[in-house]
2 protein chains.
Amino acid sequence: MAKTRWLDEQEMAAWTAFLEASHRVFRSVEQQLKEEAGLSHPQYEILVKLAAAGGAGLRMTELAESLITSKSGLTYQIGRLEERGLVVRGEVPGDIRGVTARLTDVGAAALRAAAPGHVARVREVLIDGLDRHQLTVLAEALGEVSDRLREHGA
Amino acid sequence: MAKTRWLDEQEMAAWTAFLEASHRVFRSVEQQLKEEAGLSHPQYEILVKLAAAGGAGLRMTELAESLITSKSGLTYQIGRLEERGLVVRGEVPGDIRGVTARLTDVGAAALRAAAPGHVARVREVLIDGLDRHQLTVLAEALGEVSDRLREHGA
DNA sequence: GGGGGGTGGTTCAAATTAAAACAACTACCC
DNA sequence: GGGTAGTTGTTTTAATTTGAACCACCCCCC
């Protein structure tokens, strides 16, 4: 095993800033959604993905992967959302095992109601504090990081 | 209430990249630590903070804030680490309520053993894929975000 | 020197999470 | 066709997380 290449000052600054910003941003967003919309952030993300998927909905596994969560975690959350009538499960033609989830009208309305407050908070904690250049670099850098992990780090 | 300012394409790209990168990076780091060192990421972060604090250790509340976690969550994790002998609780001179946590020799050894693999993974998933400019911008941008939330977003 | 009001840490209850075991089904290769 | 490996989604179990309630205790001002 090669000798460890420790992080230099700048690398460490990037890592700790990433760590701290992630924790704080998620905590803040979570709190906003819970208070103003009665949704957890994972639940909100589910609604967003399903809204984007349209009337056909998405398969459970597909949705779990796009949310970067475990299958069992998704089963739990979809159960929760289905109880509240925001989501319904359906079947997949041609594969009896398959299950789809799609948004109900109530779910779509809940998302529309929650979105403005959520976006406002996201702006407040992350977006509006950065200039265009920072925004661009952030998107590109973290986009690359995500791409790499999506491919390689299965 | 003002009309919602939705995110434009670039802003949305930054937000989703931030979301996805955070999820994936933490998941990867978590996995590495669990497998190779038997520690969760929160536990590892506790050890790091205590190591930096030196022989006097840190008070529980202080530590909880610097880790951006709840007091009760910290009580739980310190309990866990104390059982394993990596950490000990001590008292605070002059304040009977106060409790400090500090690293034991075993804890320090565990941290030394865990660090190289952890750093390697952090490099692999985040640092080494970025160039110096990206690194600098990332550190500065997310540092500002953290600062703002630390002050304002109590 | 005796309250209030706030602090520090733990306990408790409830929600969430992930991993592993599981059951049913699909796909493919011969 | 038949068997085997891989998928799908759920269930189960154990760990973790948080907020609220709580109890002692500190600080200060009268």
Side-chain angles (χ1 to χ4, degrees), chain A residues 22-24 26-35 37-46 50 57-84 87-102 153-154, chain B residues 22-24 26-35 37-46 50 57-84 87-102 153-154:
Chain A
S22 297
H23 282 146
R24 291 198 191 277
F26 289 142
R27 179 172 285 263
S28 176
V29 166
E30 182 80 34
Q31 200 165 12
Q32 182 277 322
L33 280 171
K34 194 89 76 183
E35 281 175 12
L39 292 168
S40 67
H41 191 212
Q43 289 173 338
Y44 182 86
E45 287 189 75
I46 288 172
L50 290 183
L58 285 174
R59 293 187 60 144
M60 296 295 280
T61 297
E62 208 173 352
L63 184 52
E65 276 166 11
S66 97
L67 293 167
I68 315 161
T69 189
S70 63
K71 288 183 301 172
S72 53
L74 181 62
T75 293
Y76 174 79
Q77 285 296 355
I78 291 289
R80 226 86 257 295
L81 292 170
E82 200 171 23
E83 282 174 7
R84 292 168 56 179
V87 153
V88 284
R89 276 185 242 238
E91 29 190 75
V92 175
D95 188 343
I96 304 190
R97 299 167 305 174
V99 172
T100 61
R102 65 183 167 73
Chain B
S22 297
H23 281 146
R24 291 199 192 276
F26 289 143
R27 179 173 283 261
S28 176
V29 166
E30 183 81 33
Q31 200 164 13
Q32 182 277 324
L33 280 170
K34 194 90 75 183
E35 281 175 13
L39 293 168
S40 67
H41 192 212
Q43 289 173 340
Y44 182 87
E45 287 189 77
I46 289 173
L50 291 183
L58 285 174
R59 294 190 59 146
M60 295 295 279
T61 298
E62 208 173 351
L63 185 51
E65 278 166 11
S66 95
L67 293 168
I68 315 163
T69 189
S70 63
K71 286 185 302 171
S72 53
L74 181 61
T75 293
Y76 174 79
Q77 283 297 355
I78 291 290
R80 224 86 258 293
L81 291 171
E82 200 171 23
E83 282 173 6
R84 291 169 55 179
V87 153
V88 283
R89 276 186 243 239
E91 30 189 76
V92 176
D95 188 345
I96 303 190
R97 298 168 306 172
V99 173
T100 61
R102 64 184 169 73

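In what follows, chains carry the letters A, B, and so on, assigned in the order in which the sequence lines appear, proteins first and then strands, with residues in each chain numbered from 1. Because the structure is predicted, anything quoted here is derived from the model rather than measured.
Remark: B:Glu83 pairs with B:Arg80 by the salt bridge (Lys or Arg N to Asp or Glu O under 4.0 Å) rule, at least two apart or across chains. For B:Thr69, the side chain to side chain donor-acceptor pair (under 3.5 Å) criterion is met by no residue, not counting sequence neighbours. A:Glu82 pairs by the side chain to side chain donor-acceptor pair (under 3.5 Å) definition with A:Arg89, not counting sequence neighbours. For B:Glu30, the salt bridge (Lys or Arg N to Asp or Glu O under 4.0 Å) criterion is met by B:Lys34, not counting sequence neighbours. Applying the side chain to side chain donor-acceptor pair (under 3.5 Å) test to A:Glu45 and every residue at least two apart in sequence or in another chain returns nothing.
The outermost nucleotides of DNA chain D lying under 4.0 Å from heavy atoms of chain A, listed 5' to 3', are D:dG6 to D:dT18.
Taking atom CD1 of residue A:Ile46 and atom C1' of nucleotide C:dT17, one finds them 13 Å apart after rounding to whole Å. In this structure, B:Glu65 atom CD and C:dT7 atom C1' are separated by 11 Å, rounded to whole Å.
Within the structure, salt bridge (charged side-chain N to carboxylate O under 4.0 Å, His left out) contacts touching residues 62-71 of chain B (residues at least two apart or in different chains) do not occur.
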Going by atom type alone, with no hydrogens or angles, which donor-acceptor pairs under 3.5 Å involve a side-chain atom of residues 93-102 of chain B and a protein atom two or more places apart or on another chain?
unit_1, atom_1, unit_2, atom_2, d
B:Asp95, OD1, B:Arg97, N, 3.0
B:Asp95, OD1, B:Arg97, NE, 3.1
B:Asp95, OD2, B:Arg97, NH2, 3.0
B:Thr100, OG1, B:Gly90, O, 3.3

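If you find the closest nucleotide of DNA chain C to A:Ile96 and to B:Arg27, the one lying nearer the 5' end belongs to B:Arg27.
Within the 4.0 angstrom heavy-atom criterion, only backbone atoms of the sugar-phosphate kind lie near B:Thr69; the bases stay farther away.
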Inset, instruction - Classify every nucleotide of nucleotides 9-15 of chain C by which part a protein heavy atom approaches to under 4.0 Å, writing B for the base, S for the sugar-phosphate alone and - for neither, in 5'-to-3' order. - result: BBB---S
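Across all non-hydrogen atoms, the minimal contact from B:Ala64 to B:Ser70 is CB-O, 4.3 Å.
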